Structure formats: C-alpha cells, structure tokens
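In what follows, chains carry the letters A, B, and so on, assigned in the order in which the sequence lines appear, proteins first and then strands, with residues in each chain numbered from 1. Because the structure is a prediction, the values reported are computed rather than measured.
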Amino acid sequence: DTAVSQTPKYLVTQMGNDKSIKCEQNLGHDTMYWYKQDSKKFLKIMFSYNNKELIINETVPNRFSPKSPDKAHLNLHINSLELGDSAVYFCASSQGWGEDFRGWANVLTFGAGSRLTVL
Amino acid sequence: AQSVTQLGSHVSVSEGALVLLRCNYSSSVPPYLFWYVQYPNQGLQLLLKYTTGATLVKGINGFEAEFKKSETSFHLTKPSAHMSDAAEYFCAVSTFGGYQKVTFGIGTKLQVIP
C-alpha cells in the first residue's frame, strides 16, 4: 500500500528520557513534515524537509532534532523529554514545490500519528 | 502571514440535516484553501481543495466548499449528514510559490445525532 507510515504508534516514557519516531513514505514525494497536535487538537508545523534539505524550522526547542537520511524518510529525535512534549506527532509528505503542481504541492498526506505520553 | 479561523469548535447536527462548517482565512496573497477530516485515532485526510478557477469545489463523501474572496471565507457544506461524518474537520491555508507552510485552523468537531 502507498502511504506514510510512522512508528511507533504509541510511546510512553519517563521525563528526561530520549526517544525517536520514524517516518517513511513510499509516495515518491519530495517534501516531508513533522506536525505536533496538542491535546486541544491544534496542529502546528515543526519541521519540513525537501529532498533531504531542511526548509522549514519553526520555533521548536533544540531538544527536537529531525533527520532525513533520504527523501523517503524523516525521523524525529527528542532529547530530555518534558511533560509538555506529550502530544500526537504526525508525519506528512507532499509532492513538492513549484507552479507545475497547481496546489498539489501543498496537499499533505498524513501518517496515522504517534502518540507520545511523557510521565 | 496567513491564518485561518474556524468558527465553532463543536457543531452538532441531526442525521439528514445540513452540515455547515465555517472557515475564514487571512492571506496577503491569493490563497490555496483546504479542508481535511480526521477520524478518531487517525491522521488527517484531504476532503477538498481550492487553488484557482471554479470557486465551488467538490470533495469526497458529498462535501463541497465555496471560495468567496469578498468574504474571505471557505465554508464546508454537505446537504445531508450521515453518522459516519462524525469527525474533526480542519480548514487550512497556504499560498503559492517558494517554501510555503500549510497553516491549520483549530478544528471543528462534528457530532451527528441520530
């Protein structure tokens, strides 16, 4: 199946630990994203990579470090986890950028989410 | 800068009734507008989008939305609600060109009452 898949789906950990979430897309998209959805369902972009290059880096604590080994993968590593990091983290991808895409460049395909709970 | 305002964090309708979810946007340049739906414990999926051309756009599951530039609105409608429409709906905006972000509204939870 063509999709955006992320692992793990659930992650429960203690404050101060380090954890990673992995994301892979087999859609052939050039651009990948990490979004954070808080308890009130508000979605906020964290990072975006285009062909392994970081293009969007919102105001996110530097405890969060994305890595894109290739354009099909985007991982998120979080150091020294805090209670406020508890959220659902969504990976997404899109076709890319440019006028040829007529807006499809901005259409996001989301993964199912990774629910992080920090105790 | 761009932003989206969704009026009503919770909307309840009876099964078979009209669904109307409101979205107003702010953008300094012509916007691209989207509606996404999120079912419980799932990721978001695209319902419909407006880029250019026809201002009334049709999406999946019988939903449609109309871009009204004069009102800076992009309201989502469906003539007859089904129980399966119960979900969270997000309006989003982006613009053309360069590395543009997609900015989401706070979401509207649709409850369908049997």
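- When hydrophobic clusters are built by joining Ile, Leu, Val, Met, Phe, Trp and Tyr residues whose side-chain heavy atoms come closer than 4.5 Å, directly or via intermediates, A:L119 is not grouped with A:V88.
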For this session: Decide side-chain contact (heavy atoms from CB on, under 4.5 Å) for A:Y33 and B:K101; before the verdict, give the C-alpha distance in whole Å, the side-chain angles of both, and the deciding distance to 0.1 Å.
Result: CA-CA 10 Å; A:Y33 310 78; B:K101 294 184 293 186; over 6 Å; no
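- A continuous path of Ile, Leu, Val, Met, Phe, Trp and Tyr side chains, each step under 4.5 Å between heavy atoms, connects B:L48 with B:L110, placing both in one hydrophobic cluster.
- For A:Q37, the part lying near chain B is the side chain, with the backbone staying farther off; criterion is any non-hydrogen pair under 4.5 Å.
- For A:K9, the NZ atom sits in a packed shell: over 12 heavy atoms of surrounding residues, nucleotides or ligands are nearer than 6.0 Å.
- Linking ILVMFWY side-chain heavy atoms closer than 4.5 Å, directly or via other members, places B:I60 and B:V112 in a single hydrophobic cluster.
- What you find for B:V102 and A:Y35 is that their closest heavy atoms are O-OH, 3.1 Å.
- When the candidates B:Q42, B:K109, B:Q38 are compared by the number of heavy-atom contacts under 4.5 Å with chain A, B:Q38 comes out ahead.
- In this structure, CG on B:L46 lies 10.0 Å from CZ on A:F110, to the nearest 0.5 angstrom.
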For this session: Start with the C-alpha gap between B:N41 and A:R115, add the side-chain angles, then the distance that decides, and say whether side-chain contact (heavy atoms from CB on, under 4.5 Å) holds.
Result: CA-CA 9 Å; B:N41 298 314; A:R115 182 177 294 275; 4.2 Å; yes
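- Taken together through direct or relayed side-chain contacts under 4.5 Å among Ile, Leu, Val, Met, Phe, Trp and Tyr, B:L7 and B:V37 form parts of separate hydrophobic clusters.
- Between B:I106 atom CD1 and A:K41 atom NZ the span is 13.0 Å, to the nearest 0.5 Å.
- B:F90 and B:Y25 are assigned to two separate hydrophobic clusters, defined by single-linkage of ILVMFWY side chains at heavy-atom distances under 4.5 Å.
- At distances below 3.5 Å, at least one donor-acceptor pair connects side-chain atoms of B:Y36 with backbone N or O atoms of A:L108.
- Aromatic pair B:F104/A:F42: ring centres not closer than 6.0 Å.
- A distance of 11.0 Å separates CG in A:L43 from OG1 in B:T103, rounded to the nearest 0.5 Å.
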